[in-house]
Amino acid sequence: MTGPRIALAVLWKDIRLDLRTRDRLGHMAVFSALVVVLLSIALPTPTAETRPWLPVLLWVVLLFASLLGLTRSLQTETEEGALAVLTLAPCDRGWVFLGKGAANLIALLGIEVWTAGLFSVFLGLAWGPALPEAIWAGLLGGVGLAALGTMLTTMATSARFREFLLPVLLFPLALPVLVIASRATAEALDGRSVPGLWWGALALYDWVFVVIPYLTFDYLLED
Amino acid sequence: MSAVETQEVEKRYGPVRALRDVSFSVPEGTVTLVAGPNGAGKSTLLRILACLTRPTSGLIRILGRDPFRKDGPALRSELGWLGPEPGLYADLTVEENLAFVARLHGSDSGRVESVLEELGLAAMRHRRARTLSQGYRRRTGLARALLHQPRILLLDEPWNGLDEEASERLTKVLQRHRARGGTVLVAAHAVPAARELADQVLRLEQGVLRMLPGGPREETHG
């Protein structure tokens, strides 16, 4: 049980750091709030035609907020050379990925709830009956973003232009999540049932971006 | 059995050959000084032995096993590493940093107490790593490296940033580790204490091992 123990230790350590410093969550929350307030001022009052754009904007805000959170997570590991501690963990390093990924997911889910609330207050997005399917979209989309982000953050650790490299890699690879999750959210808000194929595609995406880094984290952690 | 053995290890960073055909062996229960000027490849060699980076080619054996194959996870629990950075989370306290490493390695929580005492860190236990002086950060990093009682210690310039008292304490810690049968590889330059302590010296120059291990406390040409 070495691997699960280590994954839980990494997860708990990241949660403790998040709760103590509130750097990561604070940056993401303030960023989301600023963008939503700006959108509420700049956008015309949503009409039946323009309302379907709101879920897309929501997921774009989440994507940028997740980038902020991932960058902060990377700084925590590199600031005093702590990444070496994780690299030396006596287990398959895939478990370290699962611990880091779970911590990133929890932070992202928190920001999803916060941002969804902001959209509701400032842009009049009524979740109501759409909530169950919106939660599924948030969960499946969140897993994909967190897994992909954790993998790319680790890859970028020793890169020279890592602050530049991370978005350049993250945004195109996160496009399927952005497209499917925002469409699923829009369908749910419209009162239509989300096609099963979309859920399947999101789940497949999550599976791919959990399994690939799990199997390759040994190499990703080494420089 | 050799604690560490390398055969024709080479490490390239693009066109730069950081290590070239480095072959040596380190017996268990000894202290080996890895000496050489800046840029000689000392840190690269130690990082390879600590499984933090892979060699481009060549063979590595740690306690008779290949650390880059399936034995890697088990072998990593036998390694204690202190690099140029202390390997700490800046916003965790000294005690929390050590407790985290104890959980990673499944060490008894009593070990945290004993390394805090051993390295004179008990009074600093509730201080966040960010607020420590350079010297105390190094000490905490050393405590982290020692916490899980590794058989092999890999230390890169561990005397840097330490005051006289901490340097003496470090030297004693390394002597005790050797006395218990542990092995130490330490990269340092111009540190008399390191020369005093070393059973053998490996000298690297531009990635090439110029001198090979000889008898106790002497440098011999290869």
Side-chain angles (χ1 to χ4, degrees), chain A residues 1-26 72-100 103 154 157-160 215-223, chain B residues 11 13 43-44 46-55 67-93 96-107 128-130 132 134 137-138 140-141 144-145 147-148 150 152 154 156:
Chain A
M1 295 299 281
T2 307
R5 186 195 72 225
I6 287 172
L8 282 173
V10 172
L11 168 63
W12 176 236
K13 178 267 297 173
D14 276 5
I15 290 175
R16 174 175 271 177
L17 282 169
D18 277 341
L19 293 177
R20 175 165 302 164
T21 66
R22 299 188 187 94
D23 279 3
R24 174 157 72 152
L25 295 172
R72 180 61 200 139
S73 163
L74 174 66
Q75 283 168 354
T76 307
E77 297 298 344
T78 53
E79 199 175 356
E80 297 276 353
L83 198 64
V85 176
L86 298 184
T87 309
L88 280 169
C91 66
D92 258 343
R93 287 166 177 155
W95 289 101
V96 174
F97 161 74
L98 292 180
K100 288 290 300 173
T154 312
T157 304
S158 51
R160 208 166 141 215
L215 295 176
T216 57
F217 220 57
D218 243 358
Y219 297 91
L220 295 181
L221 269 181
E222 291 168 5
D223 54 33
Chain B
K11 179 68 180 178
Y13 292 103
S43 297
T44 302
L46 287 190
R47 287 183 69 79
I48 289 173
L49 298 178
C51 309
L52 296 175
T53 187
R54 282 171 198 255
F68 295 105
R69 291 191 183 270
K70 65 178 171 57
D71 287 331
L75 272 178
R76 289 199 289 272
S77 67
E78 305 287 2
L79 301 173
W81 160 257
L82 177 64
E85 293 162 319
L88 303 172
Y89 290 95
D91 288 302
L92 292 183
T93 65
E96 287 166 348
N97 267 292
L98 298 178
F100 172 60
V101 175
R103 274 195 290 278
L104 287 186
H105 288 273
S107 303
R128 287 191 196 185
R130 183 185 298 287
L132 297 175
Q134 171 76 5
R137 276 187 217 192
R138 296 294 291 166
T140 310
R144 173 193 54 70
L147 187 110
H148 58 289
I152 301 171
L154 301 159
D156 192 357

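So that the names make sense, note that chain A is the first sequence line, chain B the second, and so on, each numbered from 1. Excluded from the calculations below are hydrogen atoms, water molecules and symmetry mates; all remaining heavy atoms, backbone and side chain alike, are included.
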K.L.:
At their closest point, which heavy atom of Glu80(A) faces which heavy atom of Pro86(B), and how far apart are they?
P.N.:
OE1-CG, 3.3 Å
K.L.:
Testing the 3.5 Å rule here: is there a donor-acceptor pair between the side chains of Tyr89(B) and Glu77(A)?
P.N.:
yes
K.L.:
Verify, without hydrogens or angle tests, whether Arg103(B) (side chain) and Ala9(A) (backbone) share a donor-acceptor contact under 3.5 angstrom.
P.N.:
no
K.L.:
Of the non-hydrogen atoms in Glu79(A) and Ala90(B), which two are nearest, and what is the gap between them?
P.N.:
OE1-CB, 3.9 Å
K.L.:
Working to the nearest 0.5 angstrom, can you tell me the gap between Leu92(B) CG and Leu17(A) CG?
P.N.:
4.5 Å
K.L.:
If you measure from CZ on Arg47(B) to CD on Glu222(A), what distance do you get to the nearest 0.5 Å?
P.N.:
10.0 Å
K.L.:
Could you check if a side-chain atom of Phe68(B) sits within less than 4.5 angstrom of a side-chain atom of Asp218(A), using non-hydrogen atoms only?
P.N.:
no
K.L.:
For chain A, which candidate among Gly87(B), Gly80(B), Ala74(B) shows the most heavy-atom pairs at distances under 4.5 Å?
P.N.:
Gly87(B)
K.L.:
How long is the gap from CD1 on Ile6(A) to CZ on Phe100(B), to the nearest 0.5 Å?
P.N.:
9.0 Å
K.L.:
At their closest point, which heavy atom of Cys51(B) faces which heavy atom of Thr87(A), and how far apart are they?
P.N.:
O-CG2, 3.9 Å
K.L.:
Does the side chain of Arg20(A) reach to within under 4.5 Å of the side chain of Thr93(B), using non-hydrogen atoms?
P.N.:
yes
K.L.:
Could you check if a side-chain atom of Leu104(B) sits within less than 4.5 angstrom of a side-chain atom of Val10(A), using non-hydrogen atoms only?
P.N.:
yes
K.L.:
Taking side chain as everything from C-beta outward and backbone as N, CA, C, O, which of these in Thr21(A) sits under 4.5 Å from a heavy atom of chain B? Side chain, backbone, both or neither.
P.N.:
side chain
K.L.:
Return the minimal non-hydrogen interatomic distance between Gly106(B) and Arg5(A), and the atom names on each side.
P.N.:
N-NH2, 3.3 Å
K.L.:
With a 6.0 Å cut-off (strictly less than), is the heavy-atom count around OH of Tyr13(B), excluding the residue itself, greater than 12?
P.N.:
yes
K.L.:
How about Asp91(B) and Thr76(A): do any of their side-chain heavy atoms sit closer than 4.5 Å?
P.N.:
no
K.L.:
To the nearest 0.5 Å, how far apart are CG in Leu75(B) and CG in Leu88(A)?
P.N.:
11.5 Å
